[in-house]
Amino acid sequence: PKPKVLEILKLLPRTNCHECGEPTCMVFATLVAAGAKGYEDCPPLIEENKRKLDEYMSQFRLDF
């Protein structure tokens, strides 16, 4: 199984702030789901959601 983009997006700030270098949080979530970026590349992500994303993403094996 692969990570679901919408599950990742739910935990992101969804402010489209561009701090991660991407135009939208949806684009960022898609890259995280594909393993091209790490969720820790989102500067405004709060600690609680980092923990939740870490837990969620740990169930997937992403090969780079």
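No experiment lies behind these values; they were computed from the predicted model shown. Along the sequence shown, residues are numbered consecutively beginning with 1.
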Checklist entry - How far apart are the closest heavy atoms of Val5 and Ala33, and which atoms are they? => result CG2-CB, 3.8 Å

Next on the checklist: Looking at Ile46, is its backbone amide N or carbonyl O close enough to the side chain of Asn49 to form a donor-acceptor pair, meaning the two atoms are under 3.5 Å apart?
Outcome noted: no

Checklist entry - Is there a side chain to side chain contact (heavy atoms under 4.5 Å, CB included) between Lys37 and Thr30 once you walk through the steps? => result CA-CA 9 Å; Lys37 280 213 171 204; Thr30 302; over 6 Å; no

Next on the checklist: Please evaluate residues Leu45 and Leu53 with respect to the criterion side chain to side chain contact (heavy atoms under 4.5 Å, CB included), reporting the C-alpha separation (whole Å), side-chain torsions for both, the decisive distance (0.1 Å), and the verdict.
Outcome noted: CA-CA 10 Å; Leu45 187 61; Leu53 274 168; 3.7 Å; yes

Next on the checklist: For residues 25-56, which residue pairs pass the ring pair (Phe, Tyr, Trp, His ring centres under 6.0 Å) check, not counting sequence neighbours?
Outcome noted: Tyr56-Phe60

Checklist entry - Which pairs pass salt bridge (charged side-chain N to carboxylate O under 4.0 Å, His left out) with one or both residues in residues 49-60, sequence neighbours excluded? => result Glu47-Lys50, Glu48-Lys52

Checklist entry - For Leu31, what are the other residues in its hydrophobic cluster, where any two members join if their side-chain heavy atoms are less than 4.5 angstrom apart? => result Val27

Next on the checklist: Show, in sequence, the C-alpha distance, side-chain angles and deciding distance for Thr24 and Met26, and conclude whether the side chain to side chain contact (heavy atoms under 4.5 Å, CB included) test is met.
Outcome noted: CA-CA 5 Å; Thr24 66; Met26 176 63 97; 3.8 Å; yes

Run the side-chain donor-acceptor check on residues 11-21: report pairs under 3.5 Å with partners two or more places apart or on a different chain.
{"from": "Arg14", "atom 1": "NH1", "to": "Leu9", "atom 2": "O", "distance (Å)": "3.4"}
{"from": "Arg14", "atom 1": "NH1", "to": "Lys10", "atom 2": "O", "distance (Å)": "2.8"}
{"from": "Asn16", "atom 1": "OD1", "to": "Cys25", "atom 2": "N", "distance (Å)": "2.7"}
{"from": "His18", "atom 1": "ND1", "to": "Glu22", "atom 2": "O", "distance (Å)": "3.4"}
{"from": "His18", "atom 1": "ND1", "to": "Pro23", "atom 2": "O", "distance (Å)": "3.4"}
{"from": "His18", "atom 1": "NE2", "to": "Asn16", "atom 2": "O", "distance (Å)": "3.4"}

